[in-house]
Amino acid sequence: MFYDTHAHLDYPDYAGDFAEVIARAQAAGITKMISIGTSLDSSERAIRLAEKFPAIYAAVGWHPSDAMKAPSDIRPALREMCKHPKVVAIGEIGLDYHRLPSMSGAHGVSRPAIPVEVGRVTPCAPPEEDVRYKQKQADIFQQQLEVAAEAGLNCVIHQRDAFDDTLAQLKPFAGKVRGVFHCFGENAGRMRRVLDIGSLVSFTGIVTFKNGQNVRDTVAATPLDKFMLETDCPYLAPVPYRGKRCEPAYVKEISETVAQVKNCSLEELGAATCQTANEFFPKLLA
Ligand SMILES: [Zn+2]
C-alpha cells in the first residue's frame, strides 16, 4: 500500500480518461492521492475532485512561478478553502528562481503544462523585474505560511534554485508549520537542514532515472521515517515510462527503486511512508 502525495489531477492531461487513471492507481495499491493546487482555480478543481472520489484529497495554494498573476491578498480565499474536510495542506507554495524575467523566456511559462508559443521570442526584462518578481513570490509565500499557521495545516513546498531563501522564510514558522520539500533533488547536507527544522522531503520518479544517482544518494541518506513518495504527475514519469504522461499508478515503479536503495521490503517502505504521510497530513485519516 502506497500514497501519491503530490499529483496534479486537475490538469487537462487527464480529461480523457480520468476514471481509468484512478482505477489503475487503486489496482496498483495506491490507496490515497493528494491533488495539489497551483492557483485558486486549480485548488478549487482539486477540492471538487476530492469531493467526487473517496481516494482523492486536496492541497490548496498558489505556485511561485505564477506569482505575478496572484491577487494582492490571497489569504481570504485560502482561509475559506482550508475549512474543507478534505483539504489536507497548503500547497504548492515556495520560491522558484529557475527562470527569472531577465533570462530569456518570460516567467509564468515555466510550468510544462502551459504550452510555450513556438517562435515567439520574449525579450529579456531589466534586472529590476527580477527583484519585483522575487518580492512577489516572497509575499505570497509569506501569506500562505500565515494561513497554514492559523489553520494548523502543513505545507507542500516547491523550491527551485532558491533553497536558502525558502528555508530562511519557512524557519520562523518551525514549531507551527512543517513543510514537505517536494521533488527533492538536493544533496544529503541540504536534506538534513530540512529535517533540522522539523520538515520532510519527498521523492519523485527522478530516483529511477539513469542520471538520478545524486537523488538516490540523498534517498540512501534520508531516514526511512522522514520522507514520502510522490509522482508530481503529469510530469516526471519514472522509468520505463520516462517522457510519457505520468500518473499516480507509477508510484509502484518509484517505490521499487526506493526500496532497493533503502535495502528494505516494499511492505516496510509502504508502511513507513504512509505512516509519515498520515502524521504529516492528519486530515487523510479524518
Ligand atoms: Zn507539483
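Ligands are counted one by one from 1 in listed order, and the atoms in each one are counted from 1 as well. Fair warning: this is a prediction, and the values are worked out from it, not measured in the lab.
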Q.
With respect to the Zn ion (ligand 1), please indicate if Cys183 possesses an N, O or S atom at a distance under 2.8 Å.
A.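 It does not; every qualifying atom lies at 2.8 Å or beyond.
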**Q.** 2.8 Å cut-off met by an N, O or S atom of His6 to the Zn ion (ligand 1)
**A.**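 Of the N, O and S atoms in His6, at least one lies under 2.8 Å from the Zn ion (ligand 1), which means yes.
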Q: Measure centre to centre between the rings of Phe227 and Phe203, then say whether the value is under 6.0 Å.
A: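 Yes - the distance between ring centres of Phe227 and Phe203 falls below the 6.0 Å cut-off.
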Q. Under 6.0 Å between ring centres, would you say that holds for Phe18 and Phe53?
A.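 When the ring centroids of Phe18 and Phe53 are compared, they turn out to be within the sub-6.0 Å range.
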Q) Is the backbone of Glu230 close enough, under 3.5 Å, to the side chain of Ser202 for a donor and an acceptor to pair up by distance? A)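 Here the side-chain-to-backbone pair does not exist.
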**Q.** Pi-cation contact, Tyr97 with Lys134 (under 6.0 Å, within 45°)
**A.**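 Yes, a cation-pi geometry holds between Lys134 and Tyr97.
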Q. Of all N/O/S atoms in Asp232, which lies nearest to the Zn ion (ligand 1)?
A.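 When I compare the N, O and S atoms of Asp232, OD1 is nearest to the Zn ion (ligand 1).
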Q. Which is the closest N/O/S atom of Glu92 when seen from the Zn ion (ligand 1)?
A.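 This residue's closest N, O or S atom turns out to be OE2.
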